[in-house]
Structures are given as structure tokens and as C-alpha cells.
Amino acid sequence: MNSQKLIKTYREWLFLAILFSLSQALFSAVPAIDLKVSSFFWSDQSGFWLSSHPGLNFLRRAFQIMTAAMFIASIAAWICGAIADNLERKPLIGIPTRIWSSICILYAVGPLILVNGILKSYSGRARPSAIVEFGGTGEFTPAMHIADQCETNCSFVSGEGAGAVAFCMAIFAIARHPPLRSFRIPMHALGISVAIAASFLRVANGRHFLSDVVFSALIVIILASLINFFLIERAKRNYSA
């Protein structure tokens, strides 16, 4: 990696670190932001009234399928690409094998291990629909605080939000390579739309707070940047050496 790319990477990491720190400071200083945003989608009569909307539930299911399909397709493409590399064939649809492997690693480390395996299992943060303010029995816990209001599959952070952002990062990675490069603008729009819409639905349905989806997105984006540097860029340098 040349010095210009290295400087760009360091700037990206600095920006993400500052963004994460500012988000942490904001939700720690004003934890009521979570309650206020969730209250927009809750009423005394209907609870979280968007949670039963058939059209939104269909969208949620579609996003789940798209996220899972990307992960499964990346695993298959990684395997096929590795076989093609061993046979000295061209990369699958022109996309290097390291791209597919990086997507698989992002999904595995981000949404699966870090988010669902660790944070959601041990944070103890009750979901919005389970706290007293929204008709439940649990206590509200500010973001980034360990609590005892939930035993498993807790609120912090959002698993589906993390998966949707991983889908977005995968789309961005794939769109950098021909023959899909000419479609990168609509592909970028698709990835961003899925990430935002899926995260919004988790908040609107009362399953997650705003901070849950914000931090799940930041975690996955930071991981994607680290994987891009240590796996993809270094692999490119070794390949060209």
C-alpha cells in the first residue's frame, strides 16, 4: 500500500473513532434520546403500533432474506474462488477471492460473534417493549451500560441492524470490481437503503433503541475498514510483490 492510501486509511480510522466517541458521549450524556425516539412509535392504546403492520413485516422479512443470502452466496463464492485460484483460473465473475473471504469474515466476526454472540447475550439491556415506559416491567438502561434486565437476546446492540449494515458493506466491496463497477451507484443506493430501512424498522417495532442500531452500524463499519486494510490491501500488496 502506498503512502497516500495509508494516510487515507488512517484518516478513515480517525474519523470512525471520533464518530464512535461522540456517539458514546451523546447517548451517555442524554440517555433520554432513546426513550424520546421510541416514544414516537408507541401509544397507550396500541403499543408499538407499527409492529403489526403487514407491509413493514414483509419488508423486514425481505431484508432478513437478503442479508442471509449475501452471507451464503459469499461463502459459496469464496469456496469456488479458492478452487479457481488453485486451478489458476480467472476469479469468479471477475471479483477476487479475497473480496468474498472478507465479506464472510465480516459477517462472522460482526453480526454473528461480536453482536449476537457477545453483546446481545451479556449486555442485559431490556428491549423498549419490555420496559416500564412502554408497558413492560423492566427498567430502562442507558446505552453502553451493563444491566440485569434481560437474560439473553437483549437489546444492545441490534443483530438485524448489524446484518443489514454488513450487507451494505458487502455491496460496496463487490461494486468496486468489474463487471459490476458500472452499476455501483444503484448498488450503493440499494445497500444504504437496506441498512437504513432495516435499522429503522427495529426501532419502530419497539425491538431496539436508536442507540442500539447506531452502535451496531458503527461496529460493523469499523470492522469492515479493519478487514479491508489487514486482509484485502495487504493481500494485494503481497500479490503484486
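When a residue number appears, it is its place in the shown sequence, counting from 1. Side-chain atoms are counted along with the backbone in the values below, which use heavy atoms only and exclude waters and symmetry mates.
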Judged by atom type as modelled, is there a donor-acceptor pair below 3.5 Å linking the side chain of [X] to the main-chain atoms of [Y]?
{"X": "Q149", "Y": "G138", "result": "no"}
{"X": "T97", "Y": "G81", "result": "yes"}
{"X": "R181", "Y": "A175", "result": "no"}
{"X": "R127", "Y": "N153", "result": "yes"}
{"X": "R125", "Y": "T141", "result": "yes"}
{"X": "K120", "Y": "C154", "result": "yes"}

| message | Using 0.5 Å steps for rounding, measure from the CD1 atom of I131 to the CG atom of L35. | response | 5.0 Å

Spell out, yes or no, whether [X] and [Y] are grouped together once hydrophobic residues are joined by side-chain heavy atoms under 4.5 Å, including indirect joins.
{"X": "I99", "Y": "I72", "value": "no"}
{"X": "V194", "Y": "F172", "value": "no"}
{"X": "L22", "Y": "L218", "value": "no"}
{"X": "L26", "Y": "I222", "value": "yes"}
{"X": "F167", "Y": "I65", "value": "no"}

| message | Could you check whether any side-chain heavy atom of C168 comes within less than 4.5 Å of a side-chain heavy atom of I192, counting everything from C-beta outward? | response | yes

What are the two closest non-hydrogen atoms of [X] and [Y], and how far apart are they?
{"X": "S101", "Y": "L231", "result": "OG-CD2, 3.8 Å"}
{"X": "G163", "Y": "T67", "result": "O-CG2, 3.3 Å"}
{"X": "N116", "Y": "L112", "result": "CB-O, 3.6 Å"}

| request: Starting from the C-alpha separation in whole Å, work towards a yes-or-no answer on ring pair (Phe, Tyr, Trp, His ring centres under 6.0 Å) for F140 and F209. | output: CA-CA 10 Å; F140 169 72; F209 293 105; 5.3 Å; yes

| remark: The complete set of salt bridge (charged side-chain N to carboxylate O under 4.0 Å, His left out) pairs with one or both residues in residues 61-83, sequence neighbours excluded, reads none

| task | Measure up the W13 and F230 rings against each other and bin them: parallel (under 30°), tilted (30 to 60°), perpendicular (over 60°). | result | parallel

| said: Please enumerate all residues that pass ring pair (Phe, Tyr, Trp, His ring centres under 6.0 Å) together with Y107, with sequence neighbours excluded. | reply: F71

| message | Applying the side chain to side chain contact (heavy atoms under 4.5 Å, CB included) criterion to L106, which one of L226, L223, N228 satisfies it? | response | L223

| message | Going by side chain to side chain contact (heavy atoms under 4.5 Å, CB included), name the residues that satisfy it together with F200, two or more places apart in sequence or in a different chain. | response | F41, A204

| remark: side chain to side chain donor-acceptor pair (under 3.5 Å) test vs D212 passes for just one of S199, S123, S155, namely S155

| task | Decide yes or no on side chain to side chain contact (heavy atoms under 4.5 Å, CB included) for W78 and I103, but give the supporting numbers first. | result | CA-CA 9 Å; W78 185 5; I103 294 172; over 6 Å; no

| request: Ignoring hydrogens and angles, state whether a donor on the side chain of S225 or E12 is under 3.5 Å from an acceptor on the partner side chain. | output: yes

| Neighbour count above 12 (heavy atom, 6.0 Å) for Q64 CD | yes

| query | Taking NZ, NE, NH1 and NH2 as the nitrogens, is one of them in E160 or R60 under 4.0 Å from a carboxylate oxygen of the other? | reply | yes

